[in-house]
Amino acid sequence: MKYFYARVSSDTQNLDRQIQAFKEIGATERTIFKEKKSGKSFENRQAWNELVNEWVKENDTIVVKNLDRIGRDAKEVRRRLIDLTNKGIIVESIDQGYLNEFLKENLNSKKANSLAEAMLNVMLDTMLEVDLLRAEWERKELRKRQREGVKRALSKGVKFGRSKDTELRERFKVIYPLTRNKNNPDYISVKEALEAIGCSKAMFYKMKKEGSHEI
(Lines give C-alpha, C1' and ligand atoms only; values in the text may rest on other atoms or scores of the structure.)
Protein backbone atom coordinates (compact mmCIF):
# COMPACT_ATOMS: atom_id res chain seq x y z
CA MET A 1 0.00 0.00 0.00
CA LYS A 2 1.24 3.48 -0.83
CA TYR A 3 0.61 6.48 1.38
CA PHE A 4 1.52 10.08 0.62
CA TYR A 5 2.72 12.79 2.99
CA ALA A 6 2.50 16.51 2.19
CA ARG A 7 3.73 19.28 4.47
CA VAL A 8 4.26 23.03 4.42
CA SER A 9 5.56 25.09 7.31
CA SER A 10 2.80 27.67 7.81
CA ASP A 11 -0.89 28.35 7.28
CA THR A 12 -0.12 30.89 4.57
CA GLN A 13 1.63 28.31 2.38
CA ASN A 14 -0.13 26.04 -0.09
CA LEU A 15 -0.16 22.23 -0.29
CA ASP A 16 -1.65 22.12 -3.79
CA ARG A 17 1.54 21.40 -5.74
CA GLN A 18 2.47 18.47 -3.54
CA ILE A 19 -1.03 17.03 -3.65
CA GLN A 20 -1.24 17.44 -7.43
CA ALA A 21 2.08 15.60 -7.84
CA PHE A 22 0.73 12.76 -5.71
CA LYS A 23 -2.51 12.49 -7.65
CA GLU A 24 -0.57 12.30 -10.90
CA ILE A 25 1.00 9.05 -9.69
CA GLY A 26 -2.20 7.51 -8.37
CA ALA A 27 -2.84 8.98 -4.90
CA THR A 28 -6.40 9.40 -3.63
CA GLU A 29 -7.67 11.71 -0.90
CA ARG A 30 -7.84 8.73 1.44
CA THR A 31 -4.14 7.97 1.06
CA ILE A 32 -2.83 11.54 1.36
CA PHE A 33 -1.79 12.83 4.78
CA LYS A 34 -1.23 16.56 4.90
CA GLU A 35 -0.42 19.23 7.45
CA LYS A 36 0.87 22.75 7.91
CA LYS A 37 3.57 22.38 10.52
CA SER A 38 7.22 23.41 10.87
CA GLY A 39 9.81 20.82 9.88
CA LYS A 40 11.98 21.60 12.90
CA SER A 41 10.29 19.10 15.21
CA PHE A 42 8.24 15.93 14.99
CA GLU A 43 6.47 16.46 18.31
CA ASN A 44 3.49 18.43 16.98
CA ARG A 45 3.31 16.74 13.58
CA GLN A 46 -0.06 15.07 14.02
CA ALA A 47 -0.50 13.86 10.43
CA TRP A 48 3.04 12.43 10.22
CA ASN A 49 2.78 10.67 13.57
CA GLU A 50 -0.64 9.26 12.74
CA LEU A 51 0.68 7.99 9.41
CA VAL A 52 3.78 6.25 10.74
CA ASN A 53 2.28 5.00 14.01
CA GLU A 54 -1.22 3.98 12.98
CA TRP A 55 -1.45 3.44 9.24
CA VAL A 56 1.68 2.18 7.53
CA LYS A 57 2.57 -1.47 7.96
CA GLU A 58 5.41 -3.70 6.78
CA ASN A 59 5.89 -3.58 2.99
CA ASP A 60 3.97 -0.29 2.71
CA THR A 61 5.49 2.79 1.07
CA ILE A 62 5.44 6.45 2.13
CA VAL A 63 5.84 8.88 -0.77
CA VAL A 64 6.93 12.51 -0.31
CA LYS A 65 7.51 15.23 -2.89
CA ASN A 66 10.93 15.94 -1.40
CA LEU A 67 12.71 14.48 1.61
CA ASP A 68 12.77 17.93 3.22
CA ARG A 69 9.01 17.47 3.70
CA ILE A 70 9.90 14.85 6.33
CA GLY A 71 12.13 17.28 8.22
CA ARG A 72 14.76 19.98 7.95
CA ASP A 73 17.63 18.30 9.76
CA ALA A 74 19.51 15.77 7.60
CA LYS A 75 20.58 13.54 10.49
CA GLU A 76 17.07 13.46 11.92
CA VAL A 77 15.62 12.61 8.50
CA ARG A 78 18.16 9.82 8.11
CA ARG A 79 17.25 8.44 11.54
CA ARG A 80 13.57 8.45 10.62
CA LEU A 81 14.32 6.67 7.35
CA ILE A 82 16.30 3.97 9.16
CA ASP A 83 13.55 3.56 11.78
CA LEU A 84 10.96 3.09 9.04
CA THR A 85 13.21 0.71 7.15
CA ASN A 86 13.64 -1.42 10.26
CA LYS A 87 9.85 -1.79 10.23
CA GLY A 88 9.91 -2.87 6.60
CA ILE A 89 8.50 0.43 5.35
CA ILE A 90 9.89 2.07 2.20
CA VAL A 91 10.18 5.83 1.69
CA GLU A 92 10.21 7.30 -1.82
CA SER A 93 10.86 10.87 -2.94
CA ILE A 94 9.43 12.24 -6.19
CA ASP A 95 12.05 14.99 -6.51
CA GLN A 96 14.96 12.80 -5.41
CA GLY A 97 14.34 9.72 -7.51
CA TYR A 98 18.04 8.90 -7.56
CA LEU A 99 17.85 8.25 -3.82
CA ASN A 100 14.95 5.81 -4.05
CA GLU A 101 16.99 2.90 -5.39
CA PHE A 102 19.83 3.75 -3.01
CA LEU A 103 17.45 3.54 -0.07
CA LYS A 104 15.93 0.29 -1.27
CA GLU A 105 19.23 -1.39 -2.08
CA ASN A 106 21.07 -0.30 1.04
CA LEU A 107 18.75 0.62 3.89
CA ASN A 108 16.38 -2.23 3.09
CA SER A 109 19.23 -4.71 2.85
CA LYS A 110 19.75 -6.69 6.04
CA LYS A 111 23.16 -7.88 4.86
CA ALA A 112 25.24 -4.80 5.61
CA ASN A 113 27.99 -5.22 8.19
CA SER A 114 28.91 -2.48 10.68
CA LEU A 115 31.49 -0.89 8.36
CA ALA A 116 29.05 -0.86 5.43
CA GLU A 117 26.37 0.62 7.67
CA ALA A 118 28.73 3.35 8.86
CA MET A 119 29.64 4.19 5.25
CA LEU A 120 25.96 4.19 4.35
CA ASN A 121 25.17 6.63 7.13
CA VAL A 122 27.88 9.03 5.98
CA MET A 123 26.75 8.83 2.36
CA LEU A 124 23.10 9.30 3.21
CA ASP A 125 23.83 12.18 5.58
CA THR A 126 25.87 13.89 2.87
CA MET A 127 23.24 13.45 0.16
CA LEU A 128 20.42 14.59 2.42
CA GLU A 129 22.41 17.58 3.64
CA VAL A 130 23.13 18.67 0.07
CA ASP A 131 19.50 18.31 -0.98
CA LEU A 132 18.15 20.07 2.11
CA LEU A 133 20.61 22.94 1.66
CA ARG A 134 19.64 23.21 -1.98
CA ALA A 135 15.95 23.32 -1.07
CA GLU A 136 16.63 26.08 1.47
CA TRP A 137 18.65 28.03 -1.11
CA GLU A 138 15.79 27.70 -3.62
CA ARG A 139 13.31 28.99 -1.02
CA LYS A 140 15.55 31.99 -0.31
CA GLU A 141 15.89 32.70 -4.03
CA LEU A 142 12.12 32.50 -4.44
CA ARG A 143 11.59 34.98 -1.59
CA LYS A 144 14.19 37.27 -3.17
CA ARG A 145 12.41 37.14 -6.55
CA GLN A 146 9.09 37.80 -4.81
CA ARG A 147 10.47 40.94 -3.16
CA GLU A 148 11.97 42.11 -6.45
CA GLY A 149 8.67 41.47 -8.21
CA VAL A 150 6.82 43.60 -5.70
CA LYS A 151 9.32 46.44 -6.12
CA ARG A 152 9.03 46.31 -9.91
CA ALA A 153 5.26 46.26 -9.75
CA LEU A 154 5.13 49.17 -7.34
CA SER A 155 7.59 51.20 -9.39
CA LYS A 156 5.49 50.74 -12.54
CA GLY A 157 2.00 51.14 -11.21
CA VAL A 158 1.71 53.03 -7.95
CA LYS A 159 0.97 56.74 -7.90
CA PHE A 160 1.36 58.70 -4.67
CA GLY A 161 -0.16 61.98 -3.51
CA ARG A 162 -3.68 60.58 -3.71
CA SER A 163 -6.16 59.45 -1.06
CA LYS A 164 -5.17 56.45 1.02
CA ASP A 165 -8.07 54.40 -0.37
CA THR A 166 -7.07 55.24 -3.95
CA GLU A 167 -3.44 54.35 -3.29
CA LEU A 168 -4.44 51.01 -1.78
CA ARG A 169 -6.50 50.20 -4.85
CA GLU A 170 -3.68 51.26 -7.17
CA ARG A 171 -1.27 49.02 -5.30
CA PHE A 172 -3.81 46.22 -5.38
CA LYS A 173 -4.14 46.50 -9.17
CA VAL A 174 -0.44 45.87 -9.76
CA ILE A 175 0.26 43.44 -6.94
CA TYR A 176 -2.83 41.21 -7.01
CA PRO A 177 -1.89 39.57 -10.38
CA LEU A 178 1.39 38.41 -8.82
CA THR A 179 -0.60 36.18 -6.44
CA ARG A 180 -2.39 34.32 -9.23
CA ASN A 181 0.26 32.19 -10.94
CA LYS A 182 2.72 30.15 -8.89
CA ASN A 183 4.79 29.41 -12.00
CA ASN A 184 5.46 33.11 -12.43
CA PRO A 185 8.98 33.89 -11.14
CA ASP A 186 7.50 37.05 -9.59
CA TYR A 187 4.78 35.09 -7.72
CA ILE A 188 4.08 36.23 -4.17
CA SER A 189 1.82 34.81 -1.48
CA VAL A 190 -1.30 36.62 -0.29
CA LYS A 191 0.48 37.31 3.01
CA GLU A 192 3.32 39.07 1.19
CA ALA A 193 0.82 40.93 -0.98
CA LEU A 194 -0.96 42.22 2.13
CA GLU A 195 2.33 43.62 3.43
CA ALA A 196 3.20 45.22 0.11
CA ILE A 197 -0.24 46.79 -0.36
CA GLY A 198 -0.52 47.79 3.28
CA CYS A 199 -4.06 46.51 3.75
CA SER A 200 -5.89 43.93 5.84
CA LYS A 201 -6.92 40.53 4.54
CA ALA A 202 -10.57 41.64 4.70
CA MET A 203 -9.79 44.71 2.58
CA PHE A 204 -7.76 42.58 0.14
CA TYR A 205 -10.68 40.25 -0.53
CA LYS A 206 -13.11 43.15 -0.61
CA MET A 207 -11.11 44.78 -3.40
CA LYS A 208 -10.87 41.43 -5.17
CA LYS A 209 -14.65 41.00 -4.99
CA GLU A 210 -15.20 44.54 -6.22
CA GLY A 211 -12.96 43.90 -9.19
CA SER A 212 -10.30 46.40 -8.21
CA HIS A 213 -7.74 44.21 -9.98
CA GLU A 214 -9.42 44.81 -13.32
CA ILE A 215 -7.79 47.52 -15.39
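Worth saying up front: this structure is predicted, and the values here are computed from it rather than measured.
Here the closest non-hydrogen pair linking Gln18 and Val8 is NE2-CG1, 3.6 Å.
With values rounded to the nearest 0.5 angstrom, Leu81 atom CG is found 12.0 Å from Ile90 atom CD1. Atom CZ of Arg45 and atom CG of Leu51 lie 10.5 Å apart (nearest 0.5 Å).
Applying the 6.0 Å contact sphere to CZ of Arg17 captures no more than 12 heavy atoms from other residues, nucleotides or ligands. Within a 6.0 Å radius of CD in Glu50, more than 12 heavy atoms belonging to other residues, nucleotides or ligands are found.
Note that Arg169 lies outside the cation-pi zone of Phe172, set by a 6.0 Å cut-off to the ring centre and a 45° limit from the axis. Within the cation-pi definition used here (under 6.0 Å to the ring centroid, within 45° of the axis), Arg69 does not qualify as a partner of Tyr5.
In this structure, Ile62 and Ile89 have side chains that are in contact, with non-hydrogen atoms separated by less than 4.5 Å.
A salt bridge links Asp83 to Arg79: one of the charged nitrogens lies within less than 4.0 Å of a carboxylate oxygen. Taking the charged nitrogens against the carboxylate oxygens, Lys37 and Glu43 have no contact shorter than 4.0 Å, which rules out a salt bridge.
Under the 4.5 Å side-chain heavy-atom criterion for ILVMFWY residues, no single connected hydrophobic cluster contains both Val56 and Val63.
Remark: Phe33 pairs with Trp55 by the ring pair (Phe, Tyr, Trp, His ring centres under 6.0 Å) rule, at least two apart or across chains.
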